[in-house]
Amino acid sequence: MNKSKKIILVSHCILNQNVVVKPYARKQEEFLKFLQNKILNNYGIVQLPCPEMIILGLRRWGHVKDQLEYTGFLKECKKMLLPFVNMIEDYLQNGYEIEGVYGISGSPSCGVNTTCRGTWEGEPSCYESLEDIKSRVKLVSEKGIFMEILELVLKEKAISLKFYDVEEWSEKS
Ligand code: SF4
């Protein structure tokens with residue numbers, strides 16, 4: 001059979017919810033329709049690495065984007081994305097279609113249209129209450145740090161891809 005030459009890239013946890021910070025893991029089947037549609041339409045699915053698990057581990061606290069915007073995190077993200085960007089370049093140079101990159105809405109790393117920001121640092125005891133901590137988190141209309149870096153590194157190679165939050169996908173789109 002001929003290759004479909006059609007590719008999508010997805011955030012790691014769309015295929016593996018085990019990496020998600022506690023307690024936000026969803027049932028894997030929530031992504032079934034999306035994945036089934038892509039597979040039935042013969043797309044190859046490239047799974048991006050999970051930056052938060054690789055850098056911060058499985059037992060990490062939840063983070064906001066502001067906490068991840070430090071040089072060390074940015075550098076590690078860039079390092080793990082470079083092989084993928086090289087792969088994308090190779091696909092494009094060989095006539096493959098990259099339909100887009102699918103991220104996770106609201107994630108500080110993999111959000112596409114929304115991410116979360118907040119003035120968080122230090123021990124929980126620095127704050128008045130749990131409500132005080134929670135009230136400092138805001139959803140904002142920008143990419144998470146990992147998607148931002150992916151877009152930037154692609155731009156350095158003059159590559160422009162479409163980015164979507166998987167939650168916004170529907171069979172009609
Ligand atoms: S960092 Fe990205 S891949 Fe990892 S759990 Fe969060 S949204 Fe999923």
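Start at 1 and go down the list; that is how both ligands and their atoms are numbered. Predicted model only: the values in this text are computed from it and were never measured.
- Atoms of ligand 1 found under 4.0 Å from any heavy atom of Ser107 (numbered from 1 in listed order, with element): 6 (Fe), 7 (S).
- Close approach to His12 involves these atoms of ligand 1, each under 4.0 Å from a residue heavy atom: 3 (S).
- Residue contacts with ligand 1, taken as heavy atom pairs separated by less than 4.0 Å, involve Ser109 solely via side-chain atoms from C-beta onward.
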message: Run the ring-ring contact (aromatic ring centres under 6.0 Å, His included) test on Tyr102 and Phe34 for me, step by step, so that the C-alpha distance in whole Å, both residues' side-chain angles and the decisive distance to 0.1 Å come before the verdict.
response: CA-CA 10 Å; Tyr102 288 87; Phe34 166 75; 4.7 Å; yes
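- Rounding to the nearest 0.5 angstrom, the gap separating the CD atom in Glu30 from the CD1 atom in Ile14 is 11.5 Å.
- Using a cut-off of 2.8 Å, one finds that Cys50 contributes an N/O/S atom close to atom 4 (Fe) of ligand 1.
- Under the 4.5 Å side-chain heavy-atom criterion for ILVMFWY residues, no single connected hydrophobic cluster contains both Leu48 and Leu152.
- Heavy-atom neighbours of Glu128 CD from other residues, nucleotides or ligands within 6.0 Å: at or below the threshold of 12.
- The protein heavy-atom contact nearest to atom 8 (Fe) of ligand 1 is Cys13 SG, 2.4 Å.
- Within ligand 1, the atoms closer than 4.0 Å to a non-hydrogen atom of Cys110 are 1 (S), 2 (Fe), 3 (S), 7 (S), numbered from 1 in the order shown.
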message: Applying salt bridge (Lys or Arg N to Asp or Glu O under 4.0 Å) to Arg136 and Glu121, what does each step give before you reach the verdict?
response: CA-CA 11 Å; Arg136 289 164 189 259; Glu121 65 175 283; over 6 Å; no
